[in-house]
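Both backbone and side-chain heavy atoms feed into the values below; hydrogens, waters and symmetry mates do not. In this text, all values refer to a predicted model and were calculated from it rather than measured experimentally.
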Amino acid sequence: FFALAELVIARGGIVCGVEYSPTLEVRHSFAETLNACKRFMGSKYVQSNIEEIFPKIKSYLKDNRYVLFVGTPCQVEGLNLYLKKTYTTLITTDLVCHAVPSPLVWKEYVGLVNKKMNRNLTSINMRYKRICGWSHRYSYLYSFNTGKSICDIAGISNWGRLYFSRLINRPSCYKCKFTNLHRSGDFTIADFWDDDKNRPDLYSKDGTSLFLINSEKGMAFIDELNKTLYMWPITRQEALQPCLTKPTPCPPLREQFWNDYAQKGFLFVYNKYFTDTYIIKLKHQIKRILNRIRTT
């Protein structure tokens, strides 16, 4: 992302990515400097608010400015349909998307964390690497308006538990038409997991990105990107991962979850579906302590 942003900013362009608002709403916004682009970095497992973004992008494009838009493949598709024509200065990048969860559940979760911690969240780093490194195990770093940050808060189920339950996803995500290599963006970015260990030469403890170039417009940038990125060719099969082959499946309990939510509210479903018994909580706490000891 940052390499693409650098290319666009160098052309006097503007970058449209996803940030946290002061109230922790996840929303699309604009940046005209590389420093401002930093707030778009990091995974945010929430459906973003994209209200009023497309008309602003169209205005920038009419002024002949470069625009880099980064979002889910359905958001990229929506932008292309809205514009109704091709702009040579528009560069689109989609993500390999697991699914997007309910912004309402996210808002209520943030409220719950604020209440339990007696302070206000300012961000959650949903792929914090200091504990587990780059792996399928995610740590969550919660930052507050007091200036303090806490990793994997004891007594609070992290957001990943809600998100990866699949219970809170949009219904359309369970039949997503973009879970293949026919992408809507000029580029696609994701993690290069290589779970079968076919390419150990590409592993980095800091993470390795999957980078797909999907259009002739994207290919036109390859020489410039080679100046700032280390890139290796991979096969089509090596590029595949679950969300590039099929949609995230709908869990059996989804209908029951939403009925409970409608009738009894968020706190009830949070406690019923996303919290552990005391013994399991104690085991998790011991593991967290041991992990911190290993990393110090």
Side-chain angles (χ1 to χ4, degrees), residues 1-4 17-18 26 40-48 69-78 91-101 124-129 131-140 158-215 218-219 221-222 225 229-251 254:
F1 160 71
F2 209 69
L4 291 169
V18 175
V26 175
F40 300 150
M41 298 177 73
S43 299
K44 303 173 183 73
Y45 298 132
V46 188
Q47 179 182 314
S48 65
F69 176 81
V70 183
T72 61
C74 54
Q75 288 175 331
V76 174
E77 178 89 341
I91 302 166
T92 55
T93 301
D94 66 60
L95 312 171
V96 176
C97 178
H98 181 83
V100 291
I124 300 179
N125 183 335
M126 298 186 182
R127 297 289 296 277
Y128 187 59
K129 299 177 184 177
I131 304 299
C132 301
W134 179 68
S135 70
H136 288 296
R137 292 179 59 206
Y138 308 146
S139 286
Y140 292 75
N158 67 46
W159 176 247
R161 181 155 186 183
L162 281 69
Y163 174 49
F164 288 105
S165 74
R166 313 193 311 274
L167 293 168
I168 61 175
N169 296 341
R170 287 180 61 94
S172 58
C173 292
Y174 303 120
K175 46 188 176 183
C176 176
K177 69 175 185 177
F178 300 103
T179 51
N180 49 60
L181 291 176
H182 302 290
R183 312 299 296 175
S184 52
D186 297 307
F187 301 100
T188 297
I189 53 179
D191 287 290
F192 180 68
W193 288 120
D194 190 29
D195 288 334
D196 294 330
K197 305 290 189 299
N198 292 320
R199 295 298 302 269
D201 56 313
L202 304 187
Y203 174 78
S204 167
K205 63 182 177 60
D206 297 318
T208 302
S209 295
L210 174 68
F211 186 52
L212 307 179
I213 303 174
N214 306 316
S215 69
M219 283 300 298
F221 288 91
I222 193 69
L225 289 168
L229 296 176
Y230 293 107
M231 292 195 288
W232 293 265
I234 58 173
T235 67
R236 180 188 181 92
Q237 188 61 35
E238 287 169 341
L240 292 178
Q241 50 183 268
C243 291
L244 279 174
T245 60
K246 59 185 177 182
T248 296
C250 181
R254 188 182 189 279

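Proximity of P73 to C97: side-chain heavy atoms (C-beta onward) are separated by under 4.5 Å at one or more points. Residues F192 and S204 have side chains not in contact (no heavy-atom distance under 4.5 Å, counting atoms from C-beta outward). The shortest distance between side-chain heavy atoms of F221 and I213 does not fall below 4.5 Å. Contact of the P171 side chain with the R254 side chain is registered, since non-hydrogen atoms from C-beta on lie closer than 4.5 Å. Annotation: side chain of L4 is in contact with side chain of L225 (closest heavy-atom distance under 4.5 Å). Residues N198 and Q237 form no side-chain contact, since every pair of their non-hydrogen atoms from C-beta on lies 4.5 Å or further apart. Contact of the L210 side chain with the I234 side chain is registered, since non-hydrogen atoms from C-beta on lie closer than 4.5 Å.
Listed here is the closest heavy atom pair of R183 and L244: NH1-CD2, 3.4 Å. The nearest pair of heavy atoms linking M126 to S43 is CB-O, 3.7 Å. Residues N169 and A99 share a closest heavy-atom pair of ND2-CB, 3.3 Å. Heavy atoms only, all atoms of each residue included: V100 and T72 are closest at CG1-CG2, 4.0 Å. Shown here for C243 and V96, the closest heavy-atom pair between the two residues is CB-CG1, 3.8 Å. Nearest heavy-atom pair, K129 versus W134, reported as atom, atom and distance to 0.1 Å: CE-CD1, 4.3 Å.
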| said: Please determine whether side chain to side chain contact (heavy atoms under 4.5 Å, CB included) holds for the pair I189 and L95, giving the CA-CA distance in whole Å, both sets of side-chain angles, and the decisive distance to 0.1 Å. | reply: CA-CA 5 Å; I189 53 179; L95 312 171; 3.5 Å; yes

| Verdict with reasoning, F40 to V70, per side chain to side chain contact (heavy atoms under 4.5 Å, CB included) | CA-CA 9 Å; F40 300 150; V70 183; over 6 Å; no

| said: What verdict does the side chain to side chain contact (heavy atoms under 4.5 Å, CB included) test give for L181 and L240, after you've listed the backbone C-alpha separation in whole Å, the side-chain angles of each residue and the deciding distance to 0.1 Å? | reply: CA-CA 8 Å; L181 291 176; L240 292 178; 3.9 Å; yes

| message | One pair to check against side chain to side chain contact (heavy atoms under 4.5 Å, CB included): W159 and V46. What are the steps and the verdict? | response | CA-CA 10 Å; W159 176 247; V46 188; 4.1 Å; yes

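For R127, the salt bridge (charged side-chain N to carboxylate O under 4.0 Å, His left out) partners two or more places apart in sequence, or in a different chain, are D191. Residues satisfying the side chain to side chain donor-acceptor pair (under 3.5 Å) test with D194, not counting sequence neighbours, are none. Every residue was checked against the salt bridge (charged side-chain N to carboxylate O under 4.0 Å, His left out) condition with D186, not counting sequence neighbours, and none meets it. Partners of H182 according to the side chain to side chain donor-acceptor pair (under 3.5 Å) rule, which considers only residues two or more places apart in sequence or in another chain, do not exist here. Every residue meeting the side chain to side chain donor-acceptor pair (under 3.5 Å) condition with S139, not counting sequence neighbours, appears here in chain and number order: D152. Every side chain to side chain donor-acceptor pair (under 3.5 Å) that D201 has, sequence neighbours left out, goes to R199.
Put simply, CZ on F69 and CG on D94 are 10.0 Å apart, with the number rounded to the nearest 0.5 Å. The line from CE of M219 to CZ of F187 is 9.0 Å long, rounded to the nearest 0.5 Å. To the nearest 0.5 angstrom, S215 atom OG is 11.5 Å from L212 atom CG. For the atom pair T248 OG1 and R170 CZ, the distance stands at 14.0 Å (nearest 0.5 Å).
Shown here is M231, whose CE atom has more than 12 heavy atoms of other residues, nucleotides or ligands within 6.0 Å.
Between the K44 side chain and the V26 main chain, no donor and acceptor come within less than 3.5 Å of each other.
Remark: aromatic rings of H98 and Y45 are distant, center separation not under 6.0 Å.
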